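Below: one structure, written as structure tokens.
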Amino acid sequence: ETDQTIMLRSSSSSSLVVCGLLVVPIALLASSTNAYWSPRPNISSRTKHHHHRSSSLASASNQHWTTTESSSSPWATLVDDTATSPPEETAEFATMQVGLSSPSQQQLLSNQQRRSFSLDTSDNDDDDTALVLPQQKRQFTPFQQVSRIAPIATMLAYGVKPEPFDHAISQLYAWVYSWDVTHTPLFEAHVAAFSFAFFIAAFSFVHILLGDDEKTKQVRLDGKMPSESALLWSKLSGITEWFNPFVSYLVSIWMYQHIFHTYNEPTMIAPTFGVLIVEVFVGVFLYDLFFCPIHYLMHRSTKLKGLRFIHGYHHRHSSSSSALNSIETVQHSYIDGALQVMVNILVQHISPFGATKHLLSRMIHNVVVTYLLAEAHSGYTSFEWMSHNIWPEFLGGAPRHDRHHQDGRVYYQQYFKYLDDFFGFTDEVRDRDNEQMKEKAKVKKAKAKMQQQQEQQTTSERIPIPTK
């Protein structure tokens, strides 16, 4: 590395400036434990025992209901362009309430007639009328309050005295650097692959670890036990569920490295704590940002219909009556998976400091990304340690992604929420657009009927009355 790069890695002040820019807005939002609002439905005796899978997005991980009157987006107008008028809505609604003290325990269940996943917006045009309820302040558990404050407190402590933090990262990297496997070309690929395996297995066995069916149902999005496919990968008959993606990923990375000669021996110099945190955060943020438009085109493109077919394999087990299972995280067609891997490779080459992104940052990035993907496909929602329960202002988590698998017209971001909220890829905006479409259809129908009556009246006036 050049002298400039070495100075960058060892400088705490440069990383502190960037950390400060990232932490200040978060600190303002996290300063109050009651800063976030969510609806809490009342449960009637008729609906207490009616568990129906839903857009639990009105729960902890969703944006404020009061903001749903805001605006439509250029992308949201595609619904009007591609979808026909929705049928008349039904009057049947169901609500459920999970009896745990986590931020996702109050979940809004919308129209029972919600249909399952649709890649094509013209194939699934039913009206999903959301149930807007009074809002109350939500409380965070002590664990969640600590989890929200810890990053800010850590950054402040790092700003006051960075040496202990930098020393700890130096020791950690020295340990990682001493491994023989660290100096192999496929080391980073193995970190990603085995992280996927660990997190998918962990979420797959949650219901067994809980040891109680009722407890499991309370923390599931659908209020049911996981389907048999949740552990299919652990049986000989389901070996392809993990073997195919595992091998295809490693072989593809091996081919990529040999074709483009991308492997470089890892540096001996450890990053500072500030550089590490910023590079990991920026990497995860950019991955979600870059993949979102690709994901959107896989569902909504009218010209690249092949993308819909390619991505459809990932949604083949999606259902409106059952939540996802974590093994679905890696169930992709080869091209679909390759697009995600290429986006990840791209962001792994980007550092906000202008130098090569550090190996330790890339390792932690892979672990964080694989966990968030496995969590999003887990089908669980009410554990207090889940990302959307700790940071509901920013992270969509399992509720949003599970809802996306029900309806391919909403929630294209895999981690964050800002793009979906800004462009109107939400149930609230879609329901509002459907209502507008229904009103337009009624007006059009009334005008047509009036015009038909006028034509009939004109025709009857022109017909001569026969005389005797």
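What you are looking at is a predicted structure, and each value in this text was computed from that prediction instead of being measured. Residues: numbered from 1 along the sequence shown. Heavy atoms only: backbone and side chains are in, while hydrogens, waters and symmetry mates are out.
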For Y411 and F425, what are the C-alpha separation, side-chain angles and deciding distance, and is it a ring-ring contact (aromatic ring centres under 6.0 Å, His included)?
CA-CA 6 Å; Y411 306 116; F425 299 144; 9.2 Å; no
Can you check ring-ring contact (aromatic ring centres under 6.0 Å, His included) on Y412 and H299, steps first, answer last?
CA-CA 9 Å; Y412 299 109; H299 286 268; 5.6 Å; yes
Would H314 and H295 count as a ring-ring contact (aromatic ring centres under 6.0 Å, His included) if you check the C-alpha gap in whole Å, the side-chain angles of each, and the deciding distance to 0.1 Å?
CA-CA 12 Å; H314 181 58; H295 195 191; 7.8 Å; no
Evaluate the side-chain hydrogen bond (donor to acceptor under 3.5 Å, both in side chains) criterion for residues S227 and N325: first the C-alpha distance (whole Å), next the side-chain angles of each, then the deciding distance (0.1 Å), finally the verdict.
CA-CA 8 Å; S227 62; N325 295 309; 2.8 Å; yes
Start with the C-alpha distance between M255 and V251, add both sets of side-chain angles, then the distance that settles side-chain contact (heavy atoms from CB on, under 4.5 Å), and finish with yes or no.
CA-CA 6 Å; M255 293 176 61; V251 171; 4.0 Å; yes
Checking side-chain contact (heavy atoms from CB on, under 4.5 Å) for the pair I364/E279: CA distance, chi angles, key distance, verdict?
CA-CA 10 Å; I364 296 177; E279 286 188 337; over 6 Å; no
Applying side-chain contact (heavy atoms from CB on, under 4.5 Å), run through S237 and L232 and close with a yes or a no.
CA-CA 7 Å; S237 59; L232 180 62; 3.8 Å; yes
Step by step, work out the side-chain hydrogen bond (donor to acceptor under 3.5 Å, both in side chains) result for Y334 and S252.
CA-CA 10 Å; Y334 184 79; S252 299; 2.6 Å; yes
Derivation of the side-chain contact (heavy atoms from CB on, under 4.5 Å) call for W242 and V330
CA-CA 8 Å; W242 63 267; V330 293; 5.9 Å; no
Trace of the ring-ring contact (aromatic ring centres under 6.0 Å, His included) decision for H358 with Y173:
CA-CA 10 Å; H358 198 277; Y173 183 65; 4.6 Å; yes
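Under the 3.5 Å distance criterion, the side-chain polar atoms of D407 are left unmatched by any main-chain donor or acceptor of V410. Not one N or O on the side chain of H405 forms a donor-acceptor pair closer than 3.5 Å with the backbone of H401. Using modelled atom types, no side-chain atom of Q257 and backbone atom of Y263 make a donor-acceptor pair closer than 3.5 Å. No side-chain donor-acceptor contact under 3.5 Å links T381 to the backbone of L221. Using a distance-only test at 3.5 Å, with no hydrogens or angles considered, no donor-acceptor pair links the side chain of D166 to the main chain of T272. Checking side-chain atoms of Y158 against main-chain N and O of G274 turns up a donor-acceptor pair under 3.5 Å.
Within the 4.5 Å cutoff, the side chain of L360 has heavy atoms near those of the L172 side chain. Within the 4.5 Å cutoff, side-chain heavy atoms of I345 are placed close to those of I253. Under the 4.5 Å side-chain criterion, counting only non-hydrogen atoms from C-beta, H317 is not in contact with Q331. Using a 4.5 Å heavy-atom cutoff, the side chains of S229 and I327 are not in contact. The side-chain heavy atoms of I277 and M155, taken from C-beta on, include a pair separated by under 4.5 Å. Between F199 and T329 the shortest side-chain heavy-atom distance does not fall below 4.5 Å. I390 has its side chain out of reach of E384: every pair of non-hydrogen atoms, C-beta onward, lies at least 4.5 Å apart. You'll find the side chain of Q144 reaches within 4.5 Å of the side chain of N389, heavy atoms only.
Closest non-hydrogen pair, W391 versus P151, comes out as CZ2-CG, 4.3 Å. Of all heavy-atom pairs between Y177 and P266, the closest is CE1-O, 3.6 Å. Between A193 and L250 the shortest heavy-atom distance is CB-CD2, 4.3 Å. Nearest heavy-atom pair, N366 versus T370, reported as atom, atom and distance to 0.1 Å: O-OG1, 2.8 Å. Scanning all heavy atoms of the two residues, the minimum distance from S351 to T356 falls at CB-C, 4.5 Å.
Here the NE2-NZ distance, from H388 to K417, works out to 10.0 Å after rounding to the nearest 0.5 Å. Going from atom CG of D213 over to atom CE of M225 covers 4.0 Å, rounded to the nearest 0.5 Å. For the atom pair CH2 of W254 and OH of Y249, the computed distance is 16.0 Å after rounding to the nearest 0.5 Å. Rounding to the nearest 0.5 Å gives a distance of 11.0 Å between CZ of R220 and CG of L210. To the nearest 0.5 Å, atoms CG (D433) and CD (E428) are separated by 11.5 Å. Atom SG of residue C292 and atom CG of residue D420 lie 5.5 Å apart, to the nearest 0.5 angstrom.
Here the two rings, on F246 and F194, have centers that are under 6.0 Å apart. Aromatic ring centres of F416 and F394: separated by at least 6.0 Å. Aromatic rings of Y418 and F285 (six-membered ring for Trp) have centroids within the 6.0 Å cut-off, being under it.
Between Y287 and F291, the two ring planes are parallel [angle under 30°; tilted spans 30° to 60°].
No salt bridge links D222 with K217; every basic N to acidic carboxylate O contact stays at or beyond 4.0 Å. Between D427 and R400 there is no salt bridge, since no side-chain N of the basic residue sits under 4.0 Å from a carboxylate O of the acidic one. Salt-bridge check for E393 with R148: passed, with a basic side-chain N closer than 4.0 Å to an acidic carboxylate O.
Within the structure, side-chain hydrogen bond (donor to acceptor under 3.5 Å, both in side chains) contacts touching residues 180-191 (residues at least two apart or in different chains) are H183-E265, E188-R362. Counting only residues at least two apart or on different chains, no salt bridge (charged side-chain N to carboxylate O under 4.0 Å, His left out) pair has a member in residues 191-204. Within the structure, the side-chain hydrogen bond (donor to acceptor under 3.5 Å, both in side chains) test picks out the following pairs touching residues 194-209 (sequence neighbours left out): S204-W233, S204-S326.
Heavy atoms from other residues, nucleotides or ligands lying under 6.0 Å from CZ of F143 number more than 12. More than 12 heavy-atom neighbours from other residues, nucleotides or ligands sit within 6.0 angstrom of CH2 on W179. Within a 6.0 Å radius of CG in L346, other residues, nucleotides and ligands contribute more than 12 heavy atoms.
R316 forms a cation-pi arrangement with Y313, by the criterion of a distance under 6.0 Å to the ring centre and an angle within 45° of the ring axis.
Side-chain N/O atoms of D288 and Q414 include no donor and acceptor closer than 3.5 Å. A donor-acceptor contact under 3.5 angstrom links the side chains of S387 and E375, judged on distance only.
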